[in-house]
Amino acid sequence: MPGIIYVLLIFLLGRELVPKAGRTRLWLFLPASFGLGALAMGWTSYAAAFAAGVCLKWENPLFYGNLVAMAGAGAVLVFRYVCRSKKKAVLPAFTAQEAVFFLFLLAFLTWIMFYVFYIKDGILYSGFTVYGDYAPHTAMMRSFSLGDNFPTQYPHFGGEDVKYHFMFQFLVGNLEYLGIRIDIAYNMLSVFALLGFLMMLYSIARRITGSGAAGVVTVALFFFRSSFTFFRYLWEHLRSGDLLKTLAENTSFIGYTPNEDWGLWNFNVYLNQRHLAFGLLIAALVLWYYLDLVEAGCSHSEKGLAWMKNRLFSAEAWKIRNPEGALAAGLALGLTAFWNGAAVIGGLLILLGFAVFSDGKLDYLVTAVTAVLFSVLQSKVFIRGSAVEADFYWGFISEDKSLAGVLWFLIQMSGIFFAGAVLLLPLLKKRLHRVLTVSCLFPVVFAFCFSLTPDITVNHKYIMISYAFLAVLWAGLLAGLWKGKDGSRRFAAVIRRAAAVLLAVCLTATGIYDFVVILRNNGPGHRVTVNMESTLTDWLAEHLDSEDLLLTPEYSMSETTMSGVMMYLGWPYYAWSAGYDTYGRAQKAVEIYTSEDPAAVDKLVKEEKITYILFEEGMEFEGAVCREDTIRELYTMVYQSDDGRIRIYET
């Protein structure tokens with residue numbers, strides 16, 4: 001099957017792109033192979049398909065895109081095989097315990113990804129906590145697998161540019177085009193991306209703390225968030241006398257801060273924003289590369305201000321160390337911008353912290369400039385106008401914007417996690433640990449001070465990025481408390497381990513209960529279904545192309561969105577949060593659907609370049625009752641569903 005061959009080529013090509021330093025341990029080698037291979041194969045396929053479809057006007061551009069990518073990867077592999085040394089290859093190092101741990105993670109991630117998103121008997125099932133995000137993502141996937149979305153548009157706001165990072169969805173759509181069913185393709189790539197990031201997170205923790213146990217704990221903290229929410233929830237329902245009943249039956253995320261009940265801070269984020277894990281995988285690879293410079297900078301013998309002065313003003317601190325490596329790191333980050341832009345920004349913010357406290361500052365500058373340059377170049381290709389508009393916005397989503405109010409919001413939302421990390425800073429004995437802690441707090445500060453999109457809520461990703469990497473600090477503390485250095489002093493060891501257990505409970509209890517809610521609210525009876533064998537989907541995919549614009553109700557995930565067509569206005573939140581003028585289109589859509597004036601409707605339809613209008617029996621648009629008589633008078637009906645509920649008119 002071509003899709004399986006394509007996936008194998010991702011890993012094999014990525015293997016050739018991994019530098020020697022990344023081949024020493026298996027848990028570096030595997031994620032680096034997937035991440036770099038996916039970047040290379042994905043962009044090559046897209047660029048070649050874009051050239052075939054847009055520049056050469058060839059039909060079926062994905063065929064040529066995949067032909068170029070797979071043939072190119074094959075040629076590289078043959079060349080590397082011919083030139084390879086005759087020395088026997090050495091398997092990267094790993095331990096049996098690590099292998100068991102990551103095999104367990106692989107099984108768990110595969111199970112949970114398919115638990116919330118799968119196809120059975122021709123029906124697609126999406127869990128209640130995730131389907132909202134899957135709606136625009138699956139529409140984008142289908143715009144490639146069933147259509148030729150070149151130049152690329154945003155399916156929920158067709159006829160315009162694409163402001164939302166889409167390359168992960170492109171890769172999934174391409175695999176479906178190559179024969180892998182969409183749920184298998186989406187879940188498989190999601191598992192590889194998240195498992196790869198967790199391998200990198202484990203490796204970073206083990207490197208920083210010197211403990212494999214700390215690596216395992218870091219992964220556990222990644223899954224189960226810190227917050228006081230669960231303890232407050234327990235107390236309230238204990239007082240009301242319905243605690244056991246509530247804990248057993250509740251299917252909603254708990255929270256007392258704005259939008260906390262959306263699941264903004266728990267593992268659900270990585271289930272519905274699958275491409276975030278891929279972006280974090282690439283960011284983690286770059287951070288791993290720069291740990292060499294951070295460790296070198298922290299190893300200098302100067303103390304206090306003298307050390308800081310030398311890190312900022314000495315020639316040695318600025319001297320470039322490895323321009324080729326810095327350029328490659330910047331290229332990898334820059335090429336990730338349209339896979340997940342938030343991960344790129346978060347990675348650059350942590351690198352900024354690294355650069356302040358380590359040597360080789362020109363290396364960091366080369367990486368940052370390269371990453372920004374390639375991000376801007378992509379934006380110029382895909383976006384009309386500015387990609388982001390940075391504005392100072394204090395307080396994130398805290399209702400009380402005073403400094404005390406913002407700090408209290410952060411404590412309510414994350415418990416001891418961030419506040420405790422700041423308080424622990426002076427107590428950390430190793431300079432390296434202090435530097436990493438400060439650097440990993442940079443994305444949090446950014447989230448509370450700046451806005452890049454109309455929806456400030458999306459800044460939660462920067463906080464999640466800080467959380468993931470800062471978990472290394474807490475994991476090291478927990479592992480140290482458990483192991484200790486008390487020798488035969490039994491009582492002291494008992495106290496330490498009791499403190500470790502108590503701290504672990506404080507750090508994970510809310511996240512564990514959130515995970516219970518994820519299981520409940522995505523289980524049987526809590527899933528949105530879409531018929532994947534719909535005649536409507538087939539008709540739309542066959543008769544409409546990317547140059548058509550379909551006026552529909554404000555659909556989220558439906559048989560219409562699964563056709564990959566360009567909708568005039570789908571569910572407005574998706575497009576609005578990406579920066580599109582949804583209010584203007586909504587007003588015009590209401591006028592078309594409700595007007596009694598045929599001339600006014602026809603004029604507006606032509607101005608907006610709408611080529612098809614879908615009418616659903618009993619539909620409303622923005623609360624307005626829609627009428628069909630004017631549309632029927634003007635245009636020819638070209639499709640009617642078997643049950644007569646949906647009709648489509650060609651304009």
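Side-chain contact check for Trp474 versus Leu477: some heavy-atom pair is nearer than 4.5 Å. Using a 4.5 Å heavy-atom threshold, the side chains of Phe448 and Phe409 count as touching. Contact of the Leu410 side chain with the Met413 side chain is registered, since non-hydrogen atoms from C-beta on lie closer than 4.5 Å. Looking only at side-chain heavy atoms (C-beta outward), Ser226 and Tyr467 come within less than 4.5 Å of each other.
For the residue pair Trp265 and Glu260, the shortest heavy atom distance occurs at CD1-CG, 3.8 Å. Of all non-hydrogen atoms in Ala329 and Val286, the two that sit nearest each other are O-CG2, 3.8 Å. In plain terms, the two heavy atoms of Ala32 and Leu285 that are nearest each other are CB-CD2, 3.7 Å. Between Trp307 and Val435, the shortest heavy-atom contact is CH2-CG2, 4.1 Å. In plain terms, the two heavy atoms of Ile204 and Ala284 that are nearest each other are CD1-O, 4.2 Å. In this structure, Ile411 and Phe228 approach most closely via the heavy-atom pair CG2-CE1, 3.6 Å.
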Check against side-chain contact (heavy atoms from CB on, under 4.5 Å), Val130 and Asn268: CA-CA 7 Å; Val130 294; Asn268 193 67; 3.7 Å; yes
Salt bridge (Lys or Arg N to Asp or Glu O under 4.0 Å) between Glu302 and Arg431: does it pass, once the steps are laid out? CA-CA 11 Å; Glu302 309 99 321; Arg431 182 182 286 161; 5.3 Å; no
Kindly determine whether Asp514 and Arg225 satisfy salt bridge (Lys or Arg N to Asp or Glu O under 4.0 Å), including the steps that lead there. CA-CA 9 Å; Asp514 282 337; Arg225 69 165 175 138; 2.6 Å; yes
Kindly determine whether Tyr270 and Met113 satisfy side-chain contact (heavy atoms from CB on, under 4.5 Å), including the steps that lead there. CA-CA 10 Å; Tyr270 294 96; Met113 294 296 179; 6.0 Å; no
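In this structure, Tyr580 contributes its side chain and Asp161 its backbone to a donor-acceptor pair below 3.5 Å.
Here the NZ atom belonging to Lys461 is positioned 11.5 Å from the CD1 atom belonging to Ile463, to the nearest 0.5 angstrom. If you take CG on Leu195 and CE on Met199, they are separated by 4.0 Å, rounding to the nearest 0.5 Å. How far CD1 of Ile465 is from CZ of Phe446: 10.0 Å, rounded to the nearest 0.5 Å. Atom CZ of residue Arg232 and atom OG of residue Ser227 lie 10.0 Å apart, to the nearest 0.5 angstrom. Atom CD1 of Ile495 and atom CG of Leu481 lie 12.0 Å apart (nearest 0.5 Å). Rounding to the nearest 0.5 Å places OG of Ser203 at 7.5 Å from CD of Glu98.
For Tyr393 and Phe450, the gap between ring centers reaches or exceeds 6.0 Å. The aromatic ring centroids of Phe102 and Phe94 lie 6.0 Å or more from each other. Between Phe469 and Phe442, the distance from one ring center to the other does not fall under 6.0 angstrom. In this structure, Tyr202 has its ring center at least 6.0 angstrom away from the ring center of Trp27. Ring centers of Phe338 and Phe170: at least 6.0 Å apart, outside the cut-off.
One finds no salt bridge joining Lys319 and Asp359 here, because no Lys/Arg side-chain nitrogen approaches an Asp/Glu carboxylate oxygen to under 4.0 Å. The residues Glu316 and Lys361 are annotated as not salt-bridged, no charged nitrogen and carboxylate oxygen being separated by less than 4.0 angstrom.
Considering only residues two or more places apart in sequence or on other chains, His275 meets the ring-ring contact (aromatic ring centres under 6.0 Å, His included) condition with His137, Tyr164, His165.
Of the N and O atoms on the side chains of Tyr289 and Thr367, not one donor lies less than 3.5 Å from an acceptor on the other residue. Side-chain atoms of Thr453 and Asp455 form no donor-acceptor pair, as typed in the model, at a separation below 3.5 Å. Between the side chains of Ser398 and Asp400, no donor N or O sits under 3.5 Å from an acceptor N or O.
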Table please: side-chain donor-acceptor pairs of residues 345-358 below 3.5 Å, with sequence neighbours left out.
{"unit_1": "Ser358", "atom_1": "OG", "unit_2": "Phe354", "atom_2": "O", "d": "2.8"}
{"unit_1": "Ser358", "atom_1": "OG", "unit_2": "Tyr364", "atom_2": "OH", "d": "2.8"}

Give the table of side-chain donor-acceptor pairs shorter than 3.5 Å for residues 207-224, with sequence neighbours excluded, one pair per line with atom names and distance.
{"unit_1": "Arg207", "atom_1": "NE", "unit_2": "Glu295", "atom_2": "OE2", "d": "3.0"}
{"unit_1": "Arg207", "atom_1": "NH1", "unit_2": "Trp288", "atom_2": "O", "d": "3.4"}
{"unit_1": "Arg207", "atom_1": "NH2", "unit_2": "Asp292", "atom_2": "OD1", "d": "2.5"}
{"unit_1": "Arg207", "atom_1": "NH2", "unit_2": "Glu295", "atom_2": "OE1", "d": "2.9"}
{"unit_1": "Thr209", "atom_1": "OG1", "unit_2": "Ala205", "atom_2": "O", "d": "2.6"}
{"unit_1": "Thr209", "atom_1": "OG1", "unit_2": "Ser211", "atom_2": "N", "d": "3.2"}
{"unit_1": "Ser211", "atom_1": "OG", "unit_2": "Ala213", "atom_2": "N", "d": "3.2"}
{"unit_1": "Ser211", "atom_1": "OG", "unit_2": "Ala214", "atom_2": "N", "d": "3.1"}
{"unit_1": "Thr218", "atom_1": "OG1", "unit_2": "Ala214", "atom_2": "O", "d": "2.7"}

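Between Trp394 and Phe392, the two ring planes are parallel [angle under 30°; tilted spans 30° to 60°]. Relative orientation of the Phe278 and Phe34 rings is perpendicular, given thresholds of 30° and 60° on the angle between their planes.
Judged by the 6.0 Å distance and 45° axis criteria, Lys163 is not positioned over the aromatic ring of Tyr154.
Around CG of Leu103, the count of heavy atoms belonging to other residues, nucleotides or ligands within 6.0 Å exceeds 12.
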